[in-house]
Structures are given as C-alpha cells and as structure tokens.
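What you are looking at is a predicted structure, and each value in this text was computed from that prediction instead of being measured.
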Amino acid sequence: MFPTLGGRKAQSVATADIAKLHRKIGARAAFAANRTLTILSSMFAWAMQSGEIPTGPNPCQGIKRFRERRREVFLSAEQMERLGAAIREAETEGIPWEPDAEKKAKHAPRSDRRVRLSPFTAGALRLPLFTGARQREILDPK
C-alpha cells in the first residue's frame with residue numbers, strides 16, 4: 001500500500017487513487033483487495049470523525065468491490081479423527097505447554113505444565129463439528 005499512496009497526506013488521497021490501489025491488489029487477490037478497501041474506508045471515516053482530516057466524502061465510497069467466491073471447507077475423516085483426539089487429550093490428560101523463554105515470568109514455573117479443558121469447553125468445540133452449525137447459529141438460535 002505504501003508505494004502506491006506514498007507519503008501523501010490523507011486529505012490529498014482521491015477516490016481514483018484508492019480505486020487504482022484496489023485494482024492493483026485485485027489483479028492477484030480479490031479477497032485481499034476488498035479487505036484493504038474496507039480497512040481504508042474505516043480509517044478515513046475515523047479520521048474525519050475525530051477531526052484529523054476535514055469532513056467530506058470518504059474517498060473509498062463508490063468503489064465497486066470484486067466478486068468473491070464463497071467456499072466451504074470440510075474436514076477429511078483423518079482431520080476429524082485428529083481433532084477429536086486432540087480435544088479428548090486436552091479434556092483428560094491436558095495439553096503440554098512451555099512458557100515463552102523471552103518473556104519474564106511473574107510466577108515460579110510449575111512442574112506440571114499441562115492445560116486441561118473443562119467438559120463445557122470440550123463440548124463447545126465438539127458441537128459445531130457434530131452439527132455443522134455456525135457460531136451465530138449456536139449462540140442465537142431462532
């Protein structure tokens with residue numbers, strides 16, 4: 001993004017500049033181009049709202065987003081088996097962990113460095129796997 005817009009001030013960026021950047025990124029990755037446009041739009045909206053730049057039309061408005069192909073990803077039987085085993089291990093024995101060596105620890109290190117999942121957490125992980133439901137479908141059943 002920086003080479004396209006350079007060191008220009010935000011108020012000097014025009015819709016044509018944003019559209020050019022969007023097309024450039026979109027030539028390789030439509031998804032990334034659309035997310036870049038969303039982030040830039042939010043940044044300009046924030047800058048205008050906070051008074052950092054004069055209010056006016058957001059230069060990202062009116063730029064047509066690229067079509068994105070939605071895709072569904074399904075776990076293979078082997079992946080499901082491995083995930084189930086990992087949840088089972090985390091629920092029963094616990095998952096081993098090591099503290100970050102670069103960070104200073106506040107407490108003395110414990111000899112048993114395993115994190116165990118509660119039955120509720122393990123169930124929350126299994127529910128979408130067995131039902132195929134999305135997070136919102138589980139949290140907001142209507």
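For R82, the CZ atom counts as loosely surrounded, since its 6.0 Å shell holds 12 or fewer non-hydrogen atoms of other residues, nucleotides or ligands. The number of heavy atoms from other shown groups lying within 6.0 Å of CD (E81) does not exceed 12. By the neighbour-count criterion of 12 heavy atoms within 6.0 Å, atom CD of Q79 is densely surrounded, having more than that number from other residues, nucleotides or ligands.
Ionic pairing of E89 and R114 is present here: one or more N-O contacts between side-chain nitrogen and carboxylate oxygen are shorter than 4.0 angstrom.
At least one donor-acceptor pair under 3.5 Å links the side chain of D17 to the backbone N or O of A14. At distances below 3.5 Å, at least one donor-acceptor pair connects side-chain atoms of R116 with backbone N or O atoms of E93.
Taking both residues in full, the closest heavy atoms of A19 and I63 are given as N-CD1, 3.6 Å, listed atom of the first, atom of the second, then distance. Counting all heavy atoms, side chain and backbone alike, F44 lies closest to I53 at CD2-CD1, 3.8 Å. The shortest heavy-atom contact between N58 and A45 is ND2-N, 3.8 Å. Contact detail for L37 and C60: the closest heavy-atom pair is CD1-CB, 3.9 Å. Of all the heavy atoms in A133 and P128, the pair that sits closest is O-CB, 3.5 Å. Summarising the geometry of V13 relative to R8, their closest heavy-atom pair is CA-NH2, 3.6 Å, with the distance given to 0.1 Å.
Connection of L129 to L125 is established within a shared hydrophobic cluster, with ILVMFWY side chains joined at heavy-atom distances below 4.5 Å, either directly or through further cluster members. Linking Ile, Leu, Val, Met, Phe, Trp and Tyr residues whenever their side-chain heavy atoms come within less than 4.5 Å places M80 and L117 in a single cluster.
Rounded to the nearest 0.5 Å, atoms CD1 (I18) and CG (L40) are 5.0 Å apart. Distance check: R23 CZ to K64 NZ gives 13.5 Å after rounding to the nearest 0.5 Å. Between the CD atom in Q135 and the CG atom in L127 there is a gap of 11.5 Å [rounded to 0.5 Å].
When side chains are defined from C-beta on, L21 counts as touching I25, because their heavy atoms get closer than 4.5 Å. In this structure the side chain of T131 never reaches within 4.5 angstrom of the side chain of E137, judged on heavy atoms. Here the side chains of N34 and H22 are in contact, with some heavy-atom distance below 4.5 Å. Side-chain contact between M43 and E52 is absent, with no heavy-atom pair separated by less than 4.5 Å. A 4.5 Å side-chain heavy-atom check between Q61 and S41 finds every atom pair outside the cut-off.
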